[in-house]
2 protein chains.
Amino acid sequence: MAKHIGQQSIKFEKKISIAATASTVGTKEGEGPLGKYFDVILKDAVDGEASWEKAESKIVKDTLTLAVKKAGLTMDDIDYIFSGDLLNQGTGSAYGIRDLNRPFFGLYGACSTFGESISLGSVTIESGGASKVLVGASSHFCAAEKQFRFPLGLGTQRPLTSTWTVTGDGAAVLSKNGAPPYITGITTGKIVDFGITDANNMGAAMATAAADIILTNLKDFNITPEYYDLIITGDLGYVGKELTIELLKKEGIDISNNYTDCGIEIYDRENQDTHSGGSGCACSAVTFSAYFYNKMKKNELDRILFVPTGALMSSTSVQQGESIPGIAHAVIIENHPKGEL
Amino acid sequence: MAKHIGQQSIKFEKKISIAATASTVGTKEGEGPLGKYFDVILKDAVDGEASWEKAESKIVKDTLTLAVKKAGLTMDDIDYIFSGDLLNQGTGSAYGIRDLNRPFFGLYGACSTFGESISLGSVTIESGGASKVLVGASSHFCAAEKQFRFPLGLGTQRPLTSTWTVTGDGAAVLSKNGAPPYITGITTGKIVDFGITDANNMGAAMATAAADIILTNLKDFNITPEYYDLIITGDLGYVGKELTIELLKKEGIDISNNYTDCGIEIYDRENQDTHSGGSGCACSAVTFSAYFYNKMKKNELDRILFVPTGALMSSTSVQQGESIPGIAHAVIIENHPKGEL
């Protein structure tokens, strides 16, 4: 049985295996530094569908299906699907999962959704209620820009603090039995509001949540940053990453030597015009599913803290002058659990 | 440890207590037949806030806080909050929960969200990862109409198949120890699409999902409808209720003698101009939290199947010609578990 640890954490007793992952990305992500790691790179933003939104749902369906296939399973082997996205009312997931005929828990944690999916999927396996679950998260640059900011055709100039929403879906099959890497614990985020009101500076809005959850994870499990080979936030980009390092320094914690952000890894800053980096639910989902999962399978990384980060505003809340609340959900993933936690 | 039962169900080993509930509703709901059961009835639609959306967040915060107080606890006793709503990006919940300083899992199951909250809250307690969780769901008539259909000021005529979105929030404290009623099992819904494209006929869009999950619950636990004193769907209204009864009759199941719908209970059909009945996340959440919970505490009901129902469309998906997918999450709640499941 799991144990509630410290303030916000759960330590799992079962060795919850990440049996397989799958990733689909758009053309831009395919041209980036991680291009060779993705399973599928789309030729264009609509993928044969009539709209960006329908394309996102198709990506969700195809990627979840691929993850199951890569795990050597059929969809009927999956007890539950946990998924979410940025579209209003989670329609990216809903229409994508409609035909998969499996029980579905719809989640919304903004760009932290993949962390939430893994967390609740793991909890459900730990409870004994499921043997195998499918977890995922998606986003689509065009659909997200249109919904949250400006019509793309307007060609609005983007400030240097802005990030680029990743088009894609990352998915994983979690299993109560199987090979490493294992999910050994989670630290679930509170909502943290830094008072940022600029929807083009989400890295800053989320950095406080990231710093808070990393600090809480270290305290709850009574460990230091060196416990991890790498701490990986979701989509803070360059602006948010620096702020996270600074905020933790004030608490006496130095993560500058073993910390990166998926939003920095996924694009080439010099040549891809993505300003502060990547963002969106898919940013952490595809970067983990393709790149970091691969590094763990090859034992190039043994133990990571994966921290997808999210900004919980809507265009309505921003228009009504609300600040942008951040949240982050940390997941401990280990090849060789030392039992030190 | 929980057991996965049949196709889509989990049977809990722990006696997960619903330690307390709380409910807040708008003026219209307060004037309806269940008025005397609600904890708080608002004087108007904004509740002292600057917008309907901000009012919804205030209702969320106040109702969650009240549920904790009614359970004789403080917010610090709560391990996790599970909540969701109808607003884009779940901002009703996010801004409401921002100040509560507890770990938060954001959910989206449309109007089935309260069933999803209870399900995942129970799973987390069962896993050992939490002792006490707070679950809830909210909606707001004005904010929902504006977002999903037409500006209220337009005075658009509503067809007779339409339902009225309940303003309010229903919340419950779940505890690993405590008095009845207990959550003893869940049956989690697949997405079911009946091909309905009329956002003013959501009862029909959700009825197939409701019938499917009731049938699956009976099969998975190998029981008949008579096992329950009452089967209670979320917000199908008159149109959807009749359809659900019919659909189950075709499967040889008669639930007509012990079945009602929260959307029917909450308003007075003759005098409140609500057409097919109530809807929205709050419909099942407040009707359960106020009325049915009360009936169970007084032993007027001993064993129920509570089935919040949801329609997973957005205004974008409807405008793009998509049909409306339905989902329903069933929760078994019992005062005296017979161990027959």
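Residue numbering restarts at 1 for every chain, and letters A, B, ... go by the order of the sequence lines. Worth saying up front: this structure is predicted, and the values here are computed from it rather than measured.
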Most contacts with chain B, counted as non-hydrogen pairs under 4.5 angstrom, among [options]:
| options | value |
| --- | --- |
| S57(A), G128(A), A110(A) | G128(A) |
| E126(A), E322(A), E53(A) | E322(A) |
| R98(A), M1(A), Q8(A) | R98(A) |
| Q320(A), R102(A), M313(A) | Q320(A) |
| S323(A), S131(A), G321(A) | S323(A) |

Can you tell me which portion of [X] sits under 4.5 Å from chain A's heavy atoms? Options are side chain, backbone, both or neither.
| X | value |
| --- | --- |
| I97(B) | both |
| L87(B) | backbone |
| S119(B) | side chain |
| A94(B) | both |
| E13(B) | neither |

Is there a donor-acceptor pair closer than 3.5 Å between any side-chain N or O of [X] and the backbone N or O of [Y]?
| X | Y | answer |
| --- | --- | --- |
| D77(A) | T74(A) | yes |
| S139(A) | A282(A) | yes |
| S117(A) | G136(A) | yes |

| message | Need one label for F12(A): side chain, backbone, both or neither, based on atoms under 4.5 Å from any heavy atom in chain B. | response |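 Neither part.
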| Portion of L86(A) that has a non-hydrogen atom of chain B nearer than 4.5 angstrom |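 Contact with chain B involves the backbone of L86(A) alone.
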| query | If you measure from CD on E116(A) to CG on L120(B), what distance do you get to the nearest 0.5 Å? | reply |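 Between E116(A) CD and L120(B) CG, I get 9.0 Å after rounding to 0.5 Å.
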| message | The test is side chain to side chain contact (heavy atoms under 4.5 Å, CB included); show your working for T91(B) and T316(A) and say whether it passes. | response | CA-CA 9 Å; T91(B) 50; T316(A) 305; over 6 Å; no
Quick check for you: among [options], which has the greatest number of heavy-atom pairs under 4.5 Å with chain A?
| options | result |
| --- | --- |
| K54(B), Q7(B), Q147(B), K3(B) | K54(B) |
| G84(B), G109(B), G310(B), S317(B) | S317(B) |
| T124(B), T187(B), T113(B) | T124(B) |

| request: Evaluate the ring planes of H4(A) and Y80(B), with Trp represented by its six-membered ring, and classify them as parallel (under 30°), tilted (30 to 60°) or perpendicular (over 60°). | output: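 Perpendicular.
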| query | Under 30°, 30 to 60°, or over 60°: which ring-plane class applies to F105(A) and H329(B), parallel, tilted or perpendicular? | reply |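 F105(A) vs H329(B) ring planes: parallel.
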| query | Taking atom types as modelled and ignoring hydrogens, do the side chains of S314(B) and N88(A) form a donor-acceptor contact shorter than 3.5 angstrom? | reply |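 No, no side-chain donor-acceptor pair sits under 3.5 Å.
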| Side chains of D85(A) and S93(A): do they bring a donor and an acceptor to under 3.5 Å? |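 Side-chain D/A pair, D85(A) to S93(A): present.
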| request: List the steps, then state whether salt bridge (Lys or Arg N to Asp or Glu O under 4.0 Å) holds for K61(B) with D99(B). | output: CA-CA 8 Å; K61(B) 181 181 176 181; D99(B) 298 333; 3.3 Å; yes
